[in-house]
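For reference, positions follow the sequence shown, starting with 1. The figures that follow rest on heavy atoms only: side chains count, while hydrogens, waters and symmetry mates do not.
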Amino acid sequence: MDTKRFIVATLLSAMVLVGFEYFMPKQTHQQAAQQSAQATSQTPPANRPVPAAPIAGASSQPQSIPAPQAETRLPIDGPKVSGSIDLLGARLDDMVLRDYHETIRKGSPLVRILEPARDPQPNYVEIGWMNLPGGQVRVPDANTVWTADAPKLTGEKPVTLSWDNGQGVTFQIVVSIDSHYMFAVEQRIVNHSAQPVALYPFARVDRAYTPVETGGYLVHEGPISVIDGRMDESSYKSLRTGATPPANQSWTRAGQNGWAGITDKYWLTAVIPQQGTAVTGSYGYQANQGAGIYQVGFIAQAPTTVSPGMTAATTSHVFAGAKEVNLLEHYESSLHIPDFWKAVDFGWFAFLTRPIFYVLDWLNTLLGNFGLALMAFTLLVKGLFFPLATRQFRSMGKMRQLQPKVQEIRERYKGDQMAMNQHMMALYKNEGVNPAAGCMPALVQIPVFWSLYKDLYITIEMRHAPFFGWIQDLSAPDLTNLFNLFGLIPWDPTVLSPFLQLGVWPILFGLTMYLQQKLNPAAMDPAQQRVFQMMPVLFTFFMARQPAGLVIYYCWNNLLTMAQQMLIQRRLDGALKKGGVPAAPAVRK
């Protein structure tokens, strides 16, 4: 019966792992290399038009395509970012992150967050104004050439962009950047004309390509927003199929507090309106050449009205950078951005996943290594579940003592399954044994397993986090492979099948699982024995494709479990001897 309970718990865990394999499509090394090569070799088309469409739901007024001309750019030199602002249209469309590289290889390019409209993967932010229906005020558009009052934007000094519309109205955009990835944007209207001016300020994120979504069902990638405490996560497909002319919007919501943008697994580009101001957030899709344009943004519900001789301003923010959990929470507190931490997809079980991340992050700060933090976390979990494990091993000890009686009942009622079950239950009740007690620790730890997997997969803090030896990225699988003799043969077996990936740590995991079985010998029929013996092999191949950090956690967990079991069993055997009750004899194989 011990074996049956163990098999049930093992199969439940296997279902979780199989679910990961089903819901988490993974690229082979060859596919990843091919995509990388294609992206690198792709050159911008010389005659590609710049997409310029109004924000979904804001206005149906078309904007003209800029005439080809030399671009004038304002450099950005921030502590964490570098890039430029295109003064043709005042687009924030060129930015790389100084602290993040695409891969762990030496010389790997920096991660690019924003990219100009004429490049292969356009992703940019637009700030502007919309007319009232029928309004005649000339507003800046994609053809507008702005002037800057400084040679570059730095973290120490903001830059003011200006443009005069020739009708007595000057538009200004004051841009500043903090020590990380947050831009403050002040939109000013200076009215020197004799008539009042009323315009709607807006901000939006435009993405003119459809990225490959790498997260499967585990992490959201695409349009995201929080408005008045309500979160929305839509797919690129829903924007394409749901956008209806003339405004080409697929979703809209009005509110006073929130943010909206487009998120990737580790990166976010978002616009944040002035909190407390009535705005309308929307998602839209503008069909165009190629992939079209996905648009996510805000527009004010009420126009900004500027009397003659007066100046009016509205303030918003733009985030373009890495989804660092502590940084997002800092912005949430300092700028009063509601639920900004939800840009990191902790999921439905955030009440568990998020605290586990905090513990791991604290341990990493303390120990200086996320792998050691995982091991220390395992010790904490073992200490937390120690009382439950003690009851489990006590129940297993009692079950071993009852094996002769159990075998006797099986022999006596082998032709009557109902009678056998009734007598079994009566025996367990009389002896005070709960057959399900052995499964509880494994079942309780499944949520911890899931939360660890989620944290390892979605949080950028664990991206490219090294351990020791050949493990340089705990969020990626162990890339050593038994099938090419761990690199001695210059061949990638995953070209034939992604399942031909079997690294050192997954093999160590299978070995520790096998040793656990040997530590718990039990009588079983041949069918049970075959299933029992296959579990380490199956789990070894399942874990080979999981993050190395998770495999290291489970190896260490298995070793601690064996040590814990031997300690508890020694105490139980000593207690049985002191009480005059002989310990149960070992069951022969």
One pair to check against side chain to side chain contact (heavy atoms under 4.5 Å, CB included): W267 and Y100. What are the steps and the verdict?
CA-CA 11 Å; W267 327 109; Y100 293 97; 3.9 Å; yes

Verify side chain to side chain contact (heavy atoms under 4.5 Å, CB included) between V190 and V169, making sure each step is shown before the conclusion.
CA-CA 6 Å; V190 184; V169 180; over 6 Å; no

May I have the step-by-step check of side-chain hydrogen bond (donor to acceptor under 3.5 Å, both in side chains) for S234 and D232, ending in yes or no?
CA-CA 6 Å; S234 295; D232 181 88; 2.8 Å; yes

Verify salt bridge (Lys or Arg N to Asp or Glu O under 4.0 Å) between E233 and K342, making sure each step is shown before the conclusion.
CA-CA 11 Å; E233 295 175 321; K342 289 185 177 179; over 6 Å; no

One pair to check against side chain to side chain contact (heavy atoms under 4.5 Å, CB included): D361 and F370. What are the steps and the verdict?
CA-CA 8 Å; D361 192 47; F370 252 116; 4.2 Å; yes

Pair V139-T144, side chain to side chain contact (heavy atoms under 4.5 Å, CB included): steps then yes or no
CA-CA 9 Å; V139 295; T144 301; over 6 Å; no

Residue pair F449, Y553: steps toward the ring-ring contact (aromatic ring centres under 6.0 Å, His included) verdict
CA-CA 9 Å; F449 171 90; Y553 161 79; 7.7 Å; no

Please report the C-alpha distance between R98 and D77 in whole Å, then the side-chain angles of each, then the deciding distance to 0.1 Å, and finally whether the salt bridge (Lys or Arg N to Asp or Glu O under 4.0 Å) criterion is met.
CA-CA 10 Å; R98 298 185 187 273; D77 186 14; 2.5 Å; yes

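Side-chain contact check for S179 and K80: no donor-acceptor pair (N or O, by modelled atom type) lies under 3.5 Å. The closest side-chain donor-acceptor pair between E115 and N123, if any, does not fall under 3.5 angstrom. A donor-acceptor contact under 3.5 angstrom links the side chains of R240 and Y294, judged on distance only. A donor and an acceptor atom, one from each side chain of T103 and S108, are located under 3.5 Å apart. Side-chain N/O atoms of Y283 and S225 include a donor and acceptor closer than 3.5 Å. Side-chain atoms of Y124 and R207 form no donor-acceptor pair, as typed in the model, at a separation below 3.5 Å.
Listed here is the closest heavy atom pair of P201 and T304: CD-OG1, 3.7 Å. When all heavy atoms of A343 and L328 are compared, the closest pair comes out as CB-CD1, 4.0 Å. Between S250 and S238, the shortest heavy-atom distance links the atoms CB-O, 4.0 Å. Contact record, L97 with G321: CD2-CA, 4.1 Å, taken as the closest heavy-atom pair. The two residues D345 and L218 make their nearest non-hydrogen contact at OD2-O, 3.8 Å. The nearest pair of heavy atoms linking V344 to K323 is CG2-O, 3.7 Å.
Between W259 and F298, the gap from one ring centroid to the other reaches at least 6.0 Å. Between F346 and F351, a ring centre-to-centre spacing not shorter than 6.0 Å is recorded.
In this structure, Q187 contributes its side chain and G128 its backbone to a donor-acceptor pair below 3.5 Å. In terms of modelled atom types and a separation under 3.5 Å, the side chain of D86 and the main chain of A90 share no donor-acceptor contact. The closest donor-acceptor contact from the side chain of N191 to the backbone of Q195 lies under 3.5 Å. Between the T252 side chain and the G281 main chain, a donor and an acceptor come within less than 3.5 Å of each other. Judged purely by atom type and a 3.5 angstrom limit, Q274 uses its side chain to pair as donor or acceptor with the backbone of T315. Between the side chain of D478 and the backbone N or O of A548, no donor-acceptor pair lies under 3.5 Å. Judged by distance alone, the side chain of Q301 and the main-chain N or O of I299 form no donor-acceptor pair under 3.5 Å. Without hydrogens or angle criteria, D228 side chain to Q256 main chain gives a donor-acceptor distance under 3.5 Å. D473 places a side-chain N or O within donor-acceptor distance of the main-chain N or O of H464, the cut-off being under 3.5 Å.
Annotation: side chain of P477 is not in contact with side chain of Q546 (no heavy-atom distance under 4.5 Å). In this structure the side chain of H317 never reaches within 4.5 angstrom of the side chain of V185, judged on heavy atoms. In this structure, the side chains of I227 and N257 stay at 4.5 Å or more apart for every pair of heavy atoms. Under the 4.5 Å side-chain criterion, counting only non-hydrogen atoms from C-beta, M182 is in contact with Y331. When side chains are defined from C-beta on, P223 counts as touching L239, because their heavy atoms get closer than 4.5 Å. Residues L132 and L199 have side chains not in contact (no heavy-atom distance under 4.5 Å, counting atoms from C-beta outward). W450 places none of its side-chain heavy atoms less than 4.5 Å from the side chain of L352. Inter-residue side-chain proximity for I177 and K157 is flagged as unmet; no heavy-atom pair is nearer than 4.5 Å.
Ion pairing between a basic and an acidic side chain is recognised when a charged N comes within 4.0 Å of a carboxylate O; R463 and E461 show no such pairing. Under 4.0 Å is where a charged nitrogen must lie from a carboxylate oxygen, and between D119 and R112 no such pair does.
Annotation: M231, atom CE; neighbour count of heavy atoms from other residues, nucleotides and ligands within 6.0 Å is above 12. Heavy-atom contacts from other residues, nucleotides or ligands closer than 6.0 Å to CZ of F349 number 12 or fewer. Heavy atoms of other residues, nucleotides or ligands lying less than 6.0 angstrom from CZ of R230 number 12 at most. Within 6.0 Å of CD on Q167 lie more than 12 heavy atoms contributed by other residues, nucleotides or ligands.
In this structure, K265 forms a cation-pi arrangement with Y457, its terminal cationic atom sitting closer than 6.0 Å to the ring centre and no more than 45° off the ring axis.
Under the 30°/60° scheme for interplanar angles, the aromatic rings of F171 and W129 are found to be tilted.
To the nearest 0.5 Å, the span separating CZ on R204 from OG1 on T269 amounts to 14.5 Å. Between atom CZ of residue F319 and atom CG of residue L335 there is a gap of 11.0 Å, rounded to the nearest 0.5 Å. Here the CD1-CG distance, from I262 to L268, works out to 9.5 Å after rounding to the nearest 0.5 Å. How far CG of L110 is from OG of S82: 7.0 Å, rounded to the nearest 0.5 Å. Here the OG atom belonging to S235 is positioned 8.0 Å from the NE2 atom belonging to H220, to the nearest 0.5 angstrom. Atom CD1 of I356 and atom CG of L380 lie 11.0 Å apart (nearest 0.5 Å).
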